[in-house]
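Written out below as structure tokens is the structure these notes cover.
Both backbone and side-chain heavy atoms feed into the values below; hydrogens, waters and symmetry mates do not. Sequential numbering from 1 along the given sequence is applied to the chain's residues.
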Amino acid sequence: SLGIRSHRTLRILDLSHNRIGRIGCMRLGEALVENPLLEELNLSENAIGSRGASALAAFLSHPSARLRVLNVSKNDIGLKGGKSLAVGLS
């Protein structure tokens, strides 16, 4: 997450198939708040679960967030995680 924090011009980030998990997704969300230019994020197949999705939703709802494309396929986020992401994106 330190690299993401220092790369403030990052617009597209593909972290698919990296086994980030719930805790990694929480840390990623914290780092992404400091990178408001990110427009596309691929987190497919990372086992983030509903808690990771909820943590990511906090980034999505940040006033400076510009994310337009989000892929969280094959992460078993469930209904709760999906709802959190929907609220974060709205």
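- A distance-only check finds a donor-acceptor pair linking the side chain of N75 to the backbone of I48 [under 3.5 Å].
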Validation: residues 51-62 side-chain donor-acceptor distances under 3.5 Å, sequence neighbours left out:
from	atom 1	to	atom 2	distance (Å)
S54	OG	S50	O	3.0
S54	OG	S84	OG	3.1
S61	OG	A57	O	3.3
S61	OG	A58	O	3.1
H62	ND1	S64	N	3.2
H62	ND1	S64	OG	2.8

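- Scanning both residues, C25 and L43, for their nearest heavy atoms gives SG-CD1, 4.4 Å.
- One hydrophobic cluster, built from ILVMFWY side chains closer than 4.5 Å, cannot hold both V87 and I77; they sit in different ones.
- D76 meets the side-chain contact (heavy atoms from CB on, under 4.5 Å) test with no other residue; sequence neighbours excluded.
- R11 is linked by a side-chain contact (heavy atoms from CB on, under 4.5 Å) to L37, E39, R66, counting only residues two or more places apart in sequence or in another chain.
- Residue pairs meeting the salt bridge (charged side-chain N to carboxylate O under 4.0 Å, His left out) criterion with at least one member in residues 54-64, sequence neighbours excluded, do not occur.
- Partners of R19 under the side-chain hydrogen bond (donor to acceptor under 3.5 Å, both in side chains) rule, at least two apart in sequence or in another chain, do not exist in this structure.
- Counting heavy atoms from C-beta on, the side chains of L70 and V72 come closer than 4.5 Å.
- In this structure, I23 places its CD1 atom where only 12 or fewer heavy-atom neighbours from other residues, nucleotides or ligands lie under 6.0 Å away.
- Residues N42 and L15 are not in side-chain contact: their nearest non-hydrogen atoms beyond the backbone lie 4.5 Å or more apart.
- To the nearest 0.5 Å, the span separating CD on E45 from CG on N18 amounts to 11.0 Å.
- Residues passing the side-chain hydrogen bond (donor to acceptor under 3.5 Å, both in side chains) test with N71 are S73, sequence neighbours excluded.
- With rounding to the nearest 0.5 Å, the separation of CG in L28 from CG in L41 is 6.0 Å.
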